[in-house]
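Here's the structure, in structure tokens; my notes come after.
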Amino acid sequence: MHPHEVDLALTDGSSVRLPAGATGEELAAALGVDDAVAVRSGGTLVDLQVPLPETGPVELVRAGEPDGRSVLRHSTAHVLAQAVLDLWPGASFAIGPPIEDGFYYDFLLPGGAHFREEDLSRIEARMREIVGEAQPFERAELSIEEGLELFEAQPFKREIIEGVAAGPGASDAALEAEGVEGQRVSVYRNGPGFVDLCRGPHVPSTARLGSFRLLRTAGAYWRGDERRDQLQRIYGTAWESEEALAAHLERLAEAERRDHRRIGRELDLFSFPPELGPGLPVYHPKGARIRYEMEEFARRHHLEAGYELVATPHAARSSLFETSGHLGWYAESMFPGMEVEGVSYHLKPMNCPMHVLVYRSRARSYRELPLRLFELGTVYRFERSGVLHGLTRVRGFTQDDAHIFCAPGQLGAELAALLGFVLAMLGAFGLGEFEAELATRPEKSVGDPVDWAAAEAALRHALDVTGLPYRIAAGEGAFYAPKIDLHLRDAIGRRWQVSTLQVDLQLPQLFDLDFTGEDNGRHRPYMIHRALFGSVDRFLAILLEHYEGALPCWLSPVQAAVLPVGAAHEAYATDVAATLAARGVRAEVRAASESLGARIRDAKLAKIPWILVVGAEDVAGGSVGVNARGGARPERGVALSEAADRIAADATPPPLLPPQPAPGPAGRAPRTGVPAPRAGDGAG
RNA sequence: GCCCGGGUAGCUCAGUCGGCAGAGCAGCUCACUCGUAAUGAGCAGGUCAGGGGUUCGAGUCCCCUCUCGGGCUCCA
């Protein structure tokens, strides 16, 4: 029996009577919790084996919660390192943190060796042996000197210890997690020969691990610095149960099925002809039709929102980009110049200098402001070859770009209205879950910090008015402007950065823009850069992945397929298609050269929202058979006029909530007024 | 740009030890004229990414280049 017992307060408000000095393991036993992996005490996580503090509430961290998964993943990463060091004697190991959905570990293999895909199964087999041996994780704390001695043969570990020992500012968060704090280093041992620098906590034993999978190998620079060693990274995933692991692997398969590059090929939307060069897409008729619908929607609503259309060329004298600062700051991201008649030209990486010239083409009055210039402008950026990715990262793309020139006093209202407009537009595409980042002045920036602060305040005000959840991304603004970056989540929870709103402090000055004020004096306008889709190309890719290719009817390149049962019904099918076309529906007749079943299958695979089957009964009765995408079962004998009504309604672009000057309580207004996302199921 | 792995018919892929370049789908032709996710038969389709090398002989082995994919770095 323990000499005395204490009442231990739990975070949920209850308490448990335990012997003094009891550990997290004993607490878990007392509570009947069998999946605890750590203890949360005073905001930090500690090992289960540590005696619980008698003051302050504590809480068990269970395997399935976010922090618990991180512990599992971190522990699994240790086992990965242990396995690799077993299999490659002389290997160096660097860092191995938990990450979203998994973990990785970086190594330098002896003799400059590299991992191969087939190594993953060997390593995984060795990891499973270690798990089978139920090795305890044991924590120890050492002095800096002891740590350096322990890791004498491990240059990366020594560098971490030395870097942190050198004092604050010499470390970063990822390295801190590796277990060096102040003048102590913590290490974890498991098994006879393995010890790693680590802050912890870890599971009590490797036996608690097992639902993991190694996924891929990759190169990764030491400390993320491309001038330093490139290490060999192994990525894996780990979960609290086989079921959770299987669910994650299924999510990966789901993402694979939604890959816009695959869908683009299967639906014949676009391609990347090698003859054009990397990162330069061509849109096929169906893909171009989708773009047309997106762009028309954008143009129409911009006009309604008080924008004016402009059009500008793809190239300009290099001197323009000297003036704008692009060649000074971002020449590396621009295509090299070309010489024409002794003058250097560049492809434009952004539209703003051109729009500035439109503004400056004549004297401007305060009466004209805010002046909102909109263009679907195609820009060219020299992206490094390794970063290109489908339509989401290309070398030539079209921005739905606008520049708003306004008087200083108009900035706040303009930004707030703009943010509402952005949310309404994106909402119309069926995307509703947004998060924002306010990116503030970076280290490398131009302009007066006072102006920066004012611009940042205006952006923050717009966010507050809109009620959008946001976080501050300190120091992540563009060199010339603070900005709001808008992110959205797609149907399977992935986050995509889309819109950007920037308050430019530089261009009006560089181009010496002005307007005549009410006071007959010259004033400098503010300039807002903004793109809603960001890139039309990239936004199309996001839509394709979000909808798995089954776009809402109004965006579908073909909205209805009319299938005659036999050749005798083809004339009627043509009439049906003409009726639909008269209602503005994009309809196609697919003649009876193949079996009806095969044509239905083709239409389904092409994700056509409405399939109309017409046979003898329909010819006689003026009806159609309706097979709607996502519908429960096909209908027979629907009157043509009724079917046309339903399809025409489905094919109509959604309404857009006008920008709201005064959003309602809790700032949900921009979303509540937006029509519910069209599931693209054609249910009419 | 860097690391790793790929590139064989429009697509997905097979091709053993270096010994005649294949399949399914798609395409075309013919027959079938069909009531809600694949009718049948036939035909055609290849500079095996490109170039160089080794070899009696290269899709296969070696080198270079291009390109795609996964990462890293970058992303005004």
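Predicted model, so just to flag it, every value in this text is computed and none were measured.
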| request: Determine whether A/Val576 and A/Asp618 make a side-chain contact, defined as any pair of heavy atoms from C-beta on separated by less than 4.5 Å. | output: no
| query | Can you find a heavy atom in the side chain of A/Lys348 that is under 4.5 Å from one in the side chain of A/Met334? | reply | no
In whole angstrom, give me the gap between the [atom1] atoms of [N] and [M].
| N | M | atom1 | answer |
| --- | --- | --- | --- |
| B/U55 | B/G42 | P | 45 Å |
| B/A9 | B/C2 | C1' | 34 Å |
| B/A49 | B/C68 | P | 16 Å |
| B/U16 | B/G7 | P | 13 Å |
| B/G18 | B/G57 | P | 16 Å |
| B/C17 | B/C75 | C1' | 49 Å |
| B/G35 | B/G24 | P | 28 Å |
| B/C48 | B/G59 | C1' | 5 Å |

Integer-rounded Å distance: [N] [atom2] and [X] [atom1]:
| X | N | atom1 | atom2 | answer |
| --- | --- | --- | --- | --- |
| A/Ile608 | B/U36 | CD1 | C1' | 14 Å |
| A/Arg265 | B/G7 | CZ | P | 15 Å |
| A/Glu332 | B/C74 | CD | C1' | 9 Å |
| A/Arg590 | B/A26 | CZ | C1' | 14 Å |
| A/Arg633 | B/A37 | CZ | P | 12 Å |
| A/Leu347 | B/A76 | CG | P | 19 Å |
| A/Glu617 | B/U36 | CD | P | 11 Å |
| A/Phe115 | B/G71 | CZ | C1' | 14 Å |

Side-chain-base donor-acceptor pair under 3.5 Å for [X] and [N]:
| X | N | value |
| --- | --- | --- |
| A/Gln230 | B/C2 | yes |
| A/Tyr221 | B/C3 | no |
| A/Arg381 | B/C74 | no |
| A/Arg384 | B/C75 | no |

| For A/Ser595 and B/C34, is the shortest distance between a side-chain N/O and OP1 or OP2 below 4.0 Å? | no
Heavy atoms only, 4.0 Å cut-off, all strands: where does [X] land among base, sugar-phosphate and nothing?
| X | result |
| --- | --- |
| A/Asp618 | base |
| A/Leu563 | nothing |
| A/Ala603 | nothing |
| A/Ala478 | sugar-phosphate |
| A/Gln502 | sugar-phosphate |
| A/Ala592 | base |
| A/Gly597 | sugar-phosphate |

With a 3.5 angstrom cut-off on both distances, give the Watson-Crick or G-U wobble partner of [N], or none if there isn't one.
| N | answer |
| --- | --- |
| B/C74 | none |
| B/G59 | none |
| B/A23 | B/U12 |
| B/A49 | B/U65 |

| task | Measure from NZ or CZ of A/Arg126 to the centre of the six-membered ring of A/Trp88, then state whether that distance is under 6.0 Å and the direction lies within 45° of the axis. | result | no
| message | Check for me whether A/Arg228 meets the cation-pi criterion with A/Tyr221, that is, NZ or CZ under 6.0 Å from the six-membered ring centre and within 45 degrees of the ring axis. | response | no
Please check if the number of heavy atoms outside [X] that lie under 6.0 Å from its [atom1] is greater than 12.
| X | atom1 | value |
| --- | --- | --- |
| A/Glu250 | CD | yes |
| A/Arg317 | CZ | no |
| A/Arg633 | CZ | no |

Which nucleotide in the list [options] gets nearest to the side chain of [X]?
| X | options | result |
| --- | --- | --- |
| A/Ala598 | B/C72, B/U36, B/A38 | B/A38 |
| A/Tyr235 | B/U36, B/G71, B/A76 | B/G71 |
| A/Arg636 | B/A76, B/A37, B/U36 | B/U36 |
| A/Arg393 | B/C72, B/C74, B/U36 | B/C74 |

| task | Spell out protein contact along nucleotides 63-70 of chain B as letters: B when the base is contacted, S when just the sugar-phosphate is, - when no protein heavy atom is under 4.0 Å; keep the 5' to 3' order. | result | ----SSSB
| query | Nearest nucleotide by nearest heavy atom, which residue falls closer to the 5' end of RNA chain B, A/Gly566 or A/Ile600? | reply |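 Closest to the 5' end, via its nearest nucleotide, is A/Gly566.
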| remark: 5'-most contact on RNA chain B (nearest-nucleotide basis), A/His326 vs A/His569, goes to A/His569
| Knowing that exactly one of A/Phe321, A/Phe382, A/Tyr345 qualifies, which makes a ring-ring contact (aromatic ring centres under 6.0 Å, His included) with A/Phe335? | A/Phe382
| field | Charged N-O contact under 4.0 Å between A/Glu588 and A/Arg590 | value | yes
| task | Please work out whether the ring planes of A/Phe270 and A/Phe272 are parallel, tilted or perpendicular, with thresholds of 30° and 60°. | result |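 Perpendicular.
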| said: Give me the atom names and distance for the closest heavy-atom approach of A/Met338 to A/Ala315. | reply: CE-CB, 4.3 Å
